[in-house]
Amino acid sequence: INAWRRAQDHALQAAPATALGYGHPVGEPALREAIAQYLRVSRGVRCDASRIVITEGAQGALALCVQLLTNPGDTAWLEDPGYRGAKSAFHGGDLDVVAMRVDADGIVIPENAWHERPPRLIQTTPSHQYPTGAVLSLPRRLALIERARQAGAWIIEDDYDSEFRHQGEPIAAMQGLVEDAPVLYVGTFSKTMFPALRLGFLVLPEAIASQAMPSIIEMMRGGHRLEQLTMAAFMENGQFSRHLGRMRRLYRERQAALREALATHLGIEHEVLGGHSGLHLTVRLPAQYPDKEIVQQMRKLGMNPGALSSFAVTPRTEDNGLVIGYGNTGAERFAGLVRKIGEVALGLKGSRSAP
């Protein structure tokens with residue numbers, strides 16, 4: 001809070017009175033430049049500031065992709081289980097949404113799908129799949145890029161929490177793997193900073209950036225100027241990098257504590273998925289413990305896990321489980337909270353068939 005306040009004070013003192021009016025529709029130049037520099041160094045993204053658009057969170061970036069690149073009735077492929085915000089953005093554009101299952105190595109695309117229901121958009125979270133935590137393997141990344149190029153499709157790479165890598169070497173963004181990849185890169189400060197900031201960004205492919213910018217300028221109005229200038233100052237003075245370093249250590253410790261609490265206190269059979277990155281663990285449960293009923297009971301007790309089955313378009317038996325975040329909960333509370341989840345689950349055992 002103190003570091004953010006200092007950056008905010010600096011932005012306010014440096015900003016002219018005109019900063020209270022509408023800004024550039026695609027975002028403040030200082031923030032776009034800071035993001036471009038950060039992405040090139042930390043994520044291996046091929047970009048410059050001219051290809052970056054500041055949006056109202058990642059959801060605004062997804063909606064913009066739909067507006068720019070699709071017509072009603074076009075086909076869009078969606079990870080399953082996957083991010084519900086992407087599903088909402090696709091339905092908002094009246095797209096024909098096709099669910100593509102996810103396994104331990106990320107999105108799985110059957111060969112016949114390219115011929116039977118070719119996509120215009122493909123949504124994926126390759127560095128840390130939401131909610132399963134899978135990492136899209138390098139062979140699948142390269143194959144997806146090549147097949148999308150052949151099909152004239154565009155890939156939306158949602159890189160929402162890749163900064164928080166807890167195991168192994170950092171994974172570079174898919175967008176930077178090959179030159180001129182047909183990838184629209186989406187990022188957000190909601191996870192790295194705080195949700196109320198409501199700042200996201202979209203990196204346009206070089207092939208369409210110059211053509212798309214006039215349309216984007218017509219569609220958008222430059223807002224959140226002071227927040228954007230503050231974020232730019234926060235990045236330029238090194239506070240953002242230091243903040244990420246502190247948060248990586250904190251979240252790594254919290255994840256380890258949550259794993260220990262699950263192993264010691266849950267008291268029912270379970271499987272922990274993913275965990276290489278991010279701010280949550282997904283816990284797969286046997287079908288006799290219905291995840292949606294467990295979530296309903298936990299919310300009455302002031303807890304807010306997610307039901308894994310609710311992220312699936314067509315839930316399967318293996319989609320029964322809980323998505324448990326640890327970003328805003330102290331590690332000292334995990335033992336008691338996990339024990340309570342186990343007690344609720346045991347009380348509901350067999351009450352209803354899970355998906």
Enquirer: With a 4.5 Å cut-off on side-chain heavy-atom distances among I, L, V, M, F, W and Y, is there a chain of contacts connecting Val102 to Met100?
Expert: no

Enquirer: Is there a side-chain contact between Met231 and Gln228, using heavy atoms and a 4.5 Å cut-off?
Expert: no

Enquirer: Shortest non-hydrogen contact from Ala153 to Pro119?
Expert: CB-O, 3.3 Å

Enquirer: Given Ser127, which of Arg43, Arg165, Glu157 fulfils the side chain to side chain donor-acceptor pair (under 3.5 Å) condition?
Expert: Arg43

Enquirer: Considering only heavy atoms from C-beta outward, does the side chain of Thr124 approach that of Met174 to under 4.5 Å?
Expert: yes

Enquirer: Return the set of residues passing side-chain hydrogen bond (donor to acceptor under 3.5 Å, both in side chains) with Thr188 (not counting sequence neighbours), or none when no residue passes.
Expert: Ser190

Enquirer: For the residue pair Arg259 and Leu281, what are the closest heavy atoms and their distance?
Expert: CG-CD1, 3.7 Å

Enquirer: Has His243 got more than 12 heavy atoms of other residues, nucleotides or ligands less than 6.0 Å from its NE2?
Expert: yes

Enquirer: Kindly determine whether Met220 and Val53 satisfy side chain to side chain contact (heavy atoms under 4.5 Å, CB included), including the steps that lead there.
Expert: CA-CA 10 Å; Met220 301 178 68; Val53 181; 3.9 Å; yes

Enquirer: If you round to the nearest 0.5 Å, how far is CD of Glu163 from NE2 of His128?
Expert: 12.5 Å

Enquirer: Same cluster or not: Phe164 versus Phe240, using hydrophobic residues (I, L, V, M, F, W, Y) connected whenever any side-chain heavy atoms lie under 4.5 Å apart?
Expert: yes

Enquirer: Quick one: does Leu204's side chain get under 4.5 Å of Leu68's, heavy atoms only?
Expert: yes

Enquirer: Is it true that Arg316 and Asp80 have a side-chain N and a carboxylate O under 4.0 angstrom from each other?
Expert: no

Enquirer: Can you hop from Trp77 to Val186 via hydrophobic side chains spaced under 4.5 Å?
Expert: no

Enquirer: So if I apply the ring-ring contact (aromatic ring centres under 6.0 Å, His included) rule between Phe234 and each of Phe194, Phe189, Trp4, Tyr38, which one comes out positive?
Expert: Trp4

Enquirer: Rounded to the nearest 0.5 Å, what separation is found between the CG atom of Leu279 and the NZ atom of Lys191?
Expert: 7.5 Å

Enquirer: For residues Leu64 and Met219, determine if any side-chain heavy atom of one lies less than 4.5 Å from a side-chain heavy atom of the other.
Expert: yes

Enquirer: Are the side chains of Thr132 and Thr282 in touch, meaning some heavy atoms are under 4.5 Å apart?
Expert: no

Enquirer: For the atom pair CH2 (Trp154) and CZ (Arg120), what is the distance rounded to the nearest 0.5 Å?
Expert: 7.5 Å

Enquirer: Flag the pair Tyr326 / Phe334 as yes when their ring centroid distance falls below 6.0 Å, and as no otherwise.
Expert: no

Enquirer: Using 0.5 Å steps for rounding, measure from the CZ atom of Arg141 to the CD atom of Gln175.
Expert: 12.0 Å

Enquirer: Residues in side-chain hydrogen bond (donor to acceptor under 3.5 Å, both in side chains) with Glu218, at least two apart?
Expert: none

Enquirer: Roughly how far, to the nearest 0.5 Å, is the CG atom of Asn320 from the OH atom of Tyr289?
Expert: 11.0 Å

Enquirer: Do side-chain atoms of Asp291 reach the backbone of Gly321 as a donor and acceptor pair under 3.5 angstrom?
Expert: yes

Enquirer: Under 6.0 Å between ring centres, would you say that holds for His280 and Tyr130?
Expert: yes

Enquirer: Ignoring hydrogens, what is the shortest heavy-atom contact between Arg140 and Val108? Give both atom names and the distance.
Expert: NH1-CG2, 3.4 Å

Enquirer: Do Ile341 and Ile324 pass the side chain to side chain contact (heavy atoms under 4.5 Å, CB included) test, and can you show the C-alpha distance, the side-chain angles, and the key distance before you say yes or no?
Expert: CA-CA 11 Å; Ile341 292 175; Ile324 304 175; 4.1 Å; yes

Enquirer: Could you report the tightest heavy-atom contact between Ala104 and Ala134, atom names first, then the distance?
Expert: O-CB, 3.6 Å

Enquirer: Applying the 4.5 Å side-chain criterion to the ILVMFWY set and letting contacts propagate, would Tyr22 and Ile216 be lumped into a single cluster?
Expert: no

Enquirer: Do Leu285 and Ile294 come close enough that some side-chain heavy atom pair is under 4.5 Å?
Expert: yes

Enquirer: Just do the side chain to side chain contact (heavy atoms under 4.5 Å, CB included) check on Arg252 and Arg248 with the steps written out, would you?
Expert: CA-CA 6 Å; Arg252 190 178 299 122; Arg248 286 190 191 100; 4.1 Å; yes

Enquirer: Under the criterion salt bridge (charged side-chain N to carboxylate O under 4.0 Å, His left out), I'd like the reasoning laid out for Arg225 against Glu28: C-alpha separation, chi angles, the key distance, then a yes or no.
Expert: CA-CA 7 Å; Arg225 294 192 69 186; Glu28 292 299 305; 2.7 Å; yes

Enquirer: How far apart are the closest heavy atoms of Ala34 and Met235, and which atoms are they?
Expert: O-CE, 3.7 Å

Enquirer: Do any N or O atoms from the side chain of Arg254 and from the backbone of Gly327 form a donor-acceptor pair under 3.5 angstrom?
Expert: yes

Enquirer: Among residues at least two apart in sequence or on other chains, which ones pass salt bridge (charged side-chain N to carboxylate O under 4.0 Å, His left out) with Glu343?
Expert: Lys340

Enquirer: Say you draw a straight line from CD of Gln37 to CD1 of Ile35; how long is it, rounded to the nearest 0.5 Å?
Expert: 11.5 Å

Enquirer: Is Gln123 reaching over with its side chain to a backbone N or O of Glu79, donor-acceptor style, under 3.5 angstrom?
Expert: yes

Enquirer: What I'd like to find out is whether the side chain of Leu177 reaches to under 4.5 Å of the side chain of Leu138, using heavy atoms alone.
Expert: yes

Enquirer: Report yes if some heavy atom in the side chain of Leu197 is under 4.5 Å from a heavy atom in the side chain of Glu227; otherwise report no.
Expert: yes

Enquirer: Compare every heavy atom of Leu62 with every heavy atom of Ala89, then report the nearest pair and how far apart it is.
Expert: CB-CB, 4.0 Å

Enquirer: Between Gln297 and Glu293, is the side chain to side chain donor-acceptor pair (under 3.5 Å) condition met? List the steps.
Expert: CA-CA 6 Å; Gln297 294 301 315; Glu293 283 80 357; over 6 Å; no

Enquirer: Under 3.5 Å, is there a donor-acceptor pair between the side chain of Arg32 and the main chain of Ile52?
Expert: yes

Enquirer: Could you walk me through whether Val26 and Met213 pass the side chain to side chain contact (heavy atoms under 4.5 Å, CB included) test, one step at a time?
Expert: CA-CA 8 Å; Val26 298; Met213 279 299 180; 3.7 Å; yes

Enquirer: Count I, L, V, M, F, W, Y as connected when their side-chain heavy atoms are under 4.5 Å apart, and connections chain through other members. Are Ile217 and Val203 then in the same cluster?
Expert: no

